[in-house]
Structures are given as structure tokens and as C-alpha cells.
*Asks:* 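Below is one structure. I have some questions about it.
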Amino acid sequence: MCIGQADATCVWQALTSATMTGSLIFLGIESSCDDTAAAIVRMDDEGRGEILSSIVQGQTALHADFGGVVPEIAARAHVERLDTCIAEALSQAGVNLDALDGIAVTAGPGLIGGVLSGLMTAKALAAATGLPMVGVNHLAGHALTPRLTDGLPYPYLMLLVSGGHCQFLAVDGPQGFRRLGSTIDDAPGEAFDKIAKLLGLPQPGGPHVEREAALGDPRRFSFPRPLLDRPGCDLSFSGLKTAVLRARDDLLAAKGGLSVQDRQDLCAGFQAAVADVLAEKTRRALAAFPAPALAVSGGVAANTLLRARLETVSRDAGARFVAPPLALCTDNAAMIAWAGIERYLVGGRDDSALAARSRWPLDETAVPVIGAGKRGAKA
Ligand code: KG4
Ligand code: ZN
């Protein structure tokens with residue numbers, strides 16, 4: 001069955017067919033940021049995924065007054081909600097704990113209090129039921145999502161664009177991630193959120209900035225396209241954010257306020273710059289790693305302009321473009337359950353010693369980027 005397919009796919013297929021004796025059903029638990037999530041996912045004996053339930057309890061309202069996620073509030077909310085979230089996932093899937101083959105839980109990277117609450121819940125469930133437990137890197141969850149949603153074979157190029165992360169990953173297998181480039185400062189979602197904040201739009205800012213941008217003129221302000229003058233796939237968004245801040249302040253100084261049109265044009269100019277940069281860097285990443293497919297994940301992948309630009313880049317490179325449904329691009333537990341199953345099939349198992357990690361680079365060999373902080377790469 002492997003004729004004409006990449007080696008990585010063959011190895012994975014051999015491993016999974018040797019390990020699998022039927023379908024597998026996993027509970028996934030996610031609590032690394034501000035979404036409390038639980039899901040039940042099944043992989044059939046041919047390796048196809050099915051989401052039996054996926055419950056996401058967002059916390060946007062709890063953090064709204066603070067202009068960002070407050071870790072302590074997030075952790076408390078996870079502790080209060082995880083049990084009912086898991087009960088709801090089981091109930092919607094129409095199964096009980098006896099039907100499960102394992103428990104997958106996000107073990108990092110993320111806000112440590114939140115990760116710990118998910119981990120303690122998973123450990124308690126595993127101890128009570130005797131089910132195997134698999135710790136999952138949250139980013140692996142995002143990176144493997146197109147396999148769950150579209151059955152995408154290895155290898156492929158993944159562009160992960162969220163509120164906390166931005167990186168290009170060559171994905172060769174359930175644990176085979178090579179980072180080709182990443183942001184050296186802000187993640188694009190973070191930049192969307194900051195632009196929203198400085199223009200008085202609600203949080204999370206991405207959808208609001210996109211809505212304003214749709215009515216604006218992207219050419220009125222000429223914002224920078226950071227790092228396009230340098231080779232490679234690394235990205236930067238903080239200078240762009242400062243340029244928008246300056247343009248806003250110039251308008252405020254000149255006119256004493258912003259018109260609706262000003263705001264729309266600022267959003268359109270900013271969004272166009274982000275899309276230009278991500279499109280060009282994706283083109284380079286596909287040239288460096290000419291995979292048969294480009295997949296995108298993370299909340300910013302919801303952006304319509306960005307999706308259209310990436311689709312064009314993929315087509316030009318002869319690669320298939322895969323963008324999972326929006327609800328599975330943002331944080332959820334179905335992706336954790338799926339990544340847990342994939343890890344389980346290649347022998348991944350954890351016990352009560354599994355530690356929560358605030359920082360956990362997917363590609364442990366990648367050199368930390370500038371701006372990654374004193375403690376090294378977060379992800
Ligand atoms: O993946 P995600 O749900 O959470 C993590 O960061 O892990 O991503 C959330 C981010 C937020 O920064 C939000 O503003 C951004 O995704 N976002 C968007 C859009 N929808 C959500 N950014 C641009 N355009 C959008 N339509
Ligand atoms: Zn995420």
C-alpha cells in the first residue's frame with residue numbers, strides 16, 4: 001500500500017497496523033489557556049478519525065474586564081468546569097468511561113495553573129479506571145488536526161497561527177516535527193488582539209479587526225512587511241503593531257479623534273500587511289520543504305483573506321491546501337484526543353509522574369529564536 005507514498009507515511013502505517021486491533025476511543029482534555037474542553041474521538045481500524053463529541057467552554061466573559069487572559073482566573077474556572085465538561089462530552093458521545101481505550105491530556109505548553117488542572121483530572125481518572133494516559137503537546141494537537149479532519153497523510157507543511165504561536169512545521173509523523181521558522185516576537189493573533197485594543201475594539205480582536213478591515217482601504221496606510229528583506233521563514237509582528245500605533249496617534253494628534261473610516265482603513269492596512277508577510281513566508285517554507293500539502297491551524301486561520309492568500313500560494317507550489325473547520329482550528333479537545341491516539345499507537349504512555357510544562361517546544365532541536373525569553377523557546 002506504500003507504493004508512491006513518502007517514507008514517513010509508510011513507517012507510520014506499518015507501526016499503526018502492527019499496533020491496532022480495532023478501533024480506539026479516547027477522551028481528550030484541554031485546559032492550557034482560556035478554553036475548558038473535553039472530547040471523545042474514535043480512530044477506526046483504517047486510521048480514520050471521527051469526533052463523537054467536542055465540548056468547549058470558553059472563558060471570554062470572565063477575562064473581558066482585564067484586557068487579556070488572567071492565569072489565576074483561568075485556572076480556577078478550569079478546576080470548576082472540567083468535571084461537568086467531561087461528563088457532557090461522554091453524554092453527547094453516548095458512551096461511558098468503560099467504552100474508552102485511553103485518556104489524552106494537554107501537558108503543555110500553556111498557562112501552568114490551567115495545564116495542571118487538566119493533568120490532575122486526567123491522572124485521577126486514569127487511576128480510578130486503570131485506563132492508559134497519554135500526555136500531549138498542545139501544539140501537536142493543532143499540528144495533527146488535518147489528519148483527524150481530512151485524513152491528511154504524512155508528510156505535510158503546517159502553518160500554525162494562533163494567539164500565542166506562529167511557526168512553520170515540517171510534519172513527518174506523530175512525533176516528527178521540524179520547525180522551519182517562527183515568530184521572533186509576537187504571534188499574529190496577539191498582534192490582531194493588540195490592534196483591536198488600541199482601536200477600541202472588543203477582545204479577542206481578530207474577528208473584529210477582520211470585520212472592520214472588510215470595509216476599509218488597505219492602501220491608505222503603507223505599513224511595513226517585517227523580515228521580508230531577510231531570507232528564511234522567521235516572522236515578526238511587533239514592528240507592524242508599532243507602525244499602526246504611530247499612524248493612529250498621528251490621526252489623533254491631527255484630528256483629535258478617529259473616524260469610522262480611519263479605523264476601517266487602519267484595520268485593512270494592518271490585515272493586508274499580515275497576509276502579505278504570511279503568504280511570502282509560506283511560499284519560502286514550501287520551497288524549503290516541498291511537501292504535497294500545506295495545512296493551516298490556529299485561531300488566525302479563521303481569517304478569510306489569509307486563507308485565500310495561502311490557498312493561492314499552495315496552488316502555485318502544486319500543494320494541496322487543507323484548512324480544518326474553524327471550530328477545530330481554535331482550541332478544542334478533539335485535537336488532543338486525536339494526537340493522544342496517534343502517540344499511543346507509537347508506544348506513547350505516561351503515568352502519574354507526568355509533569356505540566358509551561359514551555360515545551362515541539363521541535364526540541366530547534367535553536368531558540370530571538371525574543372523567545374530567558375528560559376528559551378516556549379514552543
Ligand atoms: O488558536 P486560538 O483559539 O487560541 C490560541 O491562541 O491558542 O487563537 C486565538 C487567536 C486570537 O488572538 C484571535 O484574535 C485570533 O486567533 N483570531 C483571528 C480571527 N479569529 C480569531 N485573527 C484574525 N482573523 C480572524 N478572523
Ligand atoms: Zn491553541
Side-chain angles (χ1 to χ4, degrees), residues 28-37 39 54 56-60 63-64 67-69 71 74 106-111 114-115 118 136-145 158-167 169 182-183 186-199 201-214 216 218 237-238 240-241 244 267-268 270-279 295-310 323-336 338-339 358 360 362 378-379:
I29 298 173
E30 158 63 34
S31 58
S32 64
C33 190
D34 60 345
D35 290 302
T36 311
S54 179
V56 180
Q57 294 183 6
Q59 302 177 1
T60 307
H63 304 281
V69 177
T106 301
L111 300 173
V115 177
V136 169
N137 183 311
H138 176 88
L139 302 169
H142 280 303
L144 299 177
T145 297
M158 162 60 63
L159 169 59
L160 182 53
V161 270
S162 72
H165 307 290
C166 180
Q167 52 191 287
L169 291 165
S182 67
T183 182
D186 292 352
E190 201 176 350
F192 268 96
D193 293 343
K194 285 177 181 168
I195 297 304
K197 203 168 174 182
L198 64 90
L199 295 178
L201 296 168
Q203 297 291 319
H208 299 282
V209 171
E210 176 169 24
R211 217 165 293 138
E212 296 284 317
F237 295 99
S238 93
L240 174 58
K241 178 194 66 195
V244 178
C267 287
F270 163 76
Q271 184 181 256
V274 172
D276 277 356
V277 168
L278 282 169
V296 67
S297 186
V300 183
N303 189 279
T304 310
L305 173 67
L306 181 62
R307 279 195 188 222
R309 296 291 302 276
L310 295 177
L326 196 48
L328 295 168
C329 276
T330 53
D331 287 353
N332 66 88
M335 69 179 190
I336 303 303
W338 176 264
S358 59
W360 186 1
L362 256 189
K378 197 161 118 191

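Numbers here are sequence positions counted from 1. Heavy-atom basis, side chains included; hydrogens, waters and symmetry copies ignored. Counting starts at 1 for both ligands and their atoms, following the listed order.
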*Asks:* Measure the distances from the heavy atoms of Pro207 to every atom of ligand 1 and state whether one is below 4.0 angstrom.
*Replies:* yes

*Asks:* Can you confirm whether the side chains of Glu210 and Thr304 place a donor and an acceptor under 3.5 Å from each other?
*Replies:* yes

*Asks:* Tell me which one of Gly141, Gly205, Gly299 gets a heavy atom nearest to atom 2 (P) of ligand 1.
*Replies:* Gly299

*Asks:* Just do the side-chain contact (heavy atoms from CB on, under 4.5 Å) check on Arg309 and Asp276 with the steps written out, would you?
*Replies:* CA-CA 8 Å; Arg309 296 291 302 276; Asp276 277 356; 2.7 Å; yes

*Asks:* Between Leu362 and Leu169, does a side-chain contact (heavy atoms from CB on, under 4.5 Å) hold up when you go through it step by step?
*Replies:* CA-CA 9 Å; Leu362 256 189; Leu169 291 165; 3.4 Å; yes

*Asks:* Could you list the atoms of ligand 1 found under 4.0 angstrom from a heavy atom of Phe192?
*Replies:* 22 (N), 23 (C)

*Asks:* Test your reading of the structure: does His142 have an N or O sitting under 3.5 Å from an N or O of ligand 1?
*Replies:* no

*Asks:* N/O to N/O below 3.5 Å, does that happen between Gly189 and ligand 1?
*Replies:*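 Yes, at least one N or O pair falls under 3.5 Å.
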
*Asks:* If you have a sec, work out which protein heavy atom is nearest atom 4 (O) of ligand 1 and how many Å separate them, to one decimal?
*Replies:* Asp331 OD2, 3.7 Å

*Asks:* For ligand 1, which atoms have a heavy atom of Gly298 less than 4.0 angstrom away?
*Replies:* 1 (O)

*Asks:* Should Leu306 and Val274 be marked as a side-chain contact (heavy atoms from CB on, under 4.5 Å) after you check the CA-CA gap, both sets of side-chain angles, and the distance that decides it?
*Replies:* CA-CA 8 Å; Leu306 181 62; Val274 172; 5.6 Å; no

*Asks:* Under a plain distance cut-off of 3.5 Å, with no hydrogens placed, do Gln271 and Asn303 share a side-chain donor-acceptor pair?
*Replies:*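 Yes, a side-chain donor-acceptor pair sits under 3.5 Å.
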
*Asks:* Rounded to the nearest 0.5 Å, how far does CD of Gln57 lie from CD of Glu30?
*Replies:* 13.0 Å

*Asks:* Examine all N, O or S atoms of His142, backbone included, and report whether one is under 2.8 Å from the Zn ion (ligand 2).
*Replies:* yes

*Asks:* Give a yes or no on whether His138 keeps an N, O or S atom under 2.8 Å from the Zn ion (ligand 2).
*Replies:*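 A backbone or side-chain N, O or S atom of His138 is under 2.8 Å from the Zn ion (ligand 2).
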
*Asks:* Distance to 0.1 Å, residue and atom name: give those for the protein heavy atom nearest to atom 26 (N) of ligand 1.
*Replies:*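 Nearest neighbour among protein heavy atoms for atom 26 (N) of ligand 1, to 0.1 Å: Glu210 OE1, 2.7 Å.
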
*Asks:* When you measure from atom 10 (C) of ligand 1 to every protein heavy atom, which one gives the shortest distance, and what is it?
*Replies:* Gly163 N, 3.5 Å

*Asks:* State whether the shortest distance between N or O atoms of Thr330 and N or O atoms of ligand 1 falls below 3.5 angstrom.
*Replies:* no

*Asks:* Considering only non-hydrogen protein atoms, determine which one is nearest to atom 24 (N) of ligand 1 and report residue, atom name and distance to 0.1 Å.
*Replies:* Asn303 ND2, 3.1 Å

*Asks:* Distance to 0.1 Å, residue and atom name: give those for the protein heavy atom nearest to atom 14 (O) of ligand 1.
*Replies:* Asp193 OD1, 2.6 Å

*Asks:* Within the 4.5 Å heavy-atom criterion, are Ser32 and Leu111 side-chain neighbours or not?
*Replies:* no

*Asks:* Got Arg307 and Cys329 here, is their nearest side-chain heavy-atom distance under 4.5 Å?
*Replies:* yes

*Asks:* Determine, step by step, whether Leu139 and Gln167 satisfy the side-chain contact (heavy atoms from CB on, under 4.5 Å) criterion, reporting the C-alpha distance in whole Å, the side-chain angles of both residues, the deciding distance to 0.1 Å, and the verdict.
*Replies:* CA-CA 10 Å; Leu139 302 169; Gln167 52 191 287; 4.0 Å; yes

*Asks:* Can you find an N or O of Gly206 that's nearer than 3.5 Å to an N or O of ligand 1?
*Replies:*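 Yes, since at least one N or O of Gly206 sits under 3.5 Å from an N or O of ligand 1.
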
*Asks:* Below 4.5 Å, heavy atoms only, C-beta onward: do Leu201 and Cys267 meet side chain to side chain?
*Replies:*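 Touching, per the 4.5 Å side-chain cut-off.
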
*Asks:* Just which atoms of ligand 1 are under 4.0 Å from any heavy atom in Gly164?
*Replies:*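 Near Gly164, the atoms of ligand 1 are 6 (O).
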
*Asks:* Can you name the N/O/S atom of Asp331 that is nearest the Zn ion (ligand 2)?
*Replies:* OD1

*Asks:* Please round to the nearest 0.5 Å and tell me the distance separating atom SG of Cys33 and atom NE2 of His138.
*Replies:*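 Result: 7.5 Å between the selected atoms.
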
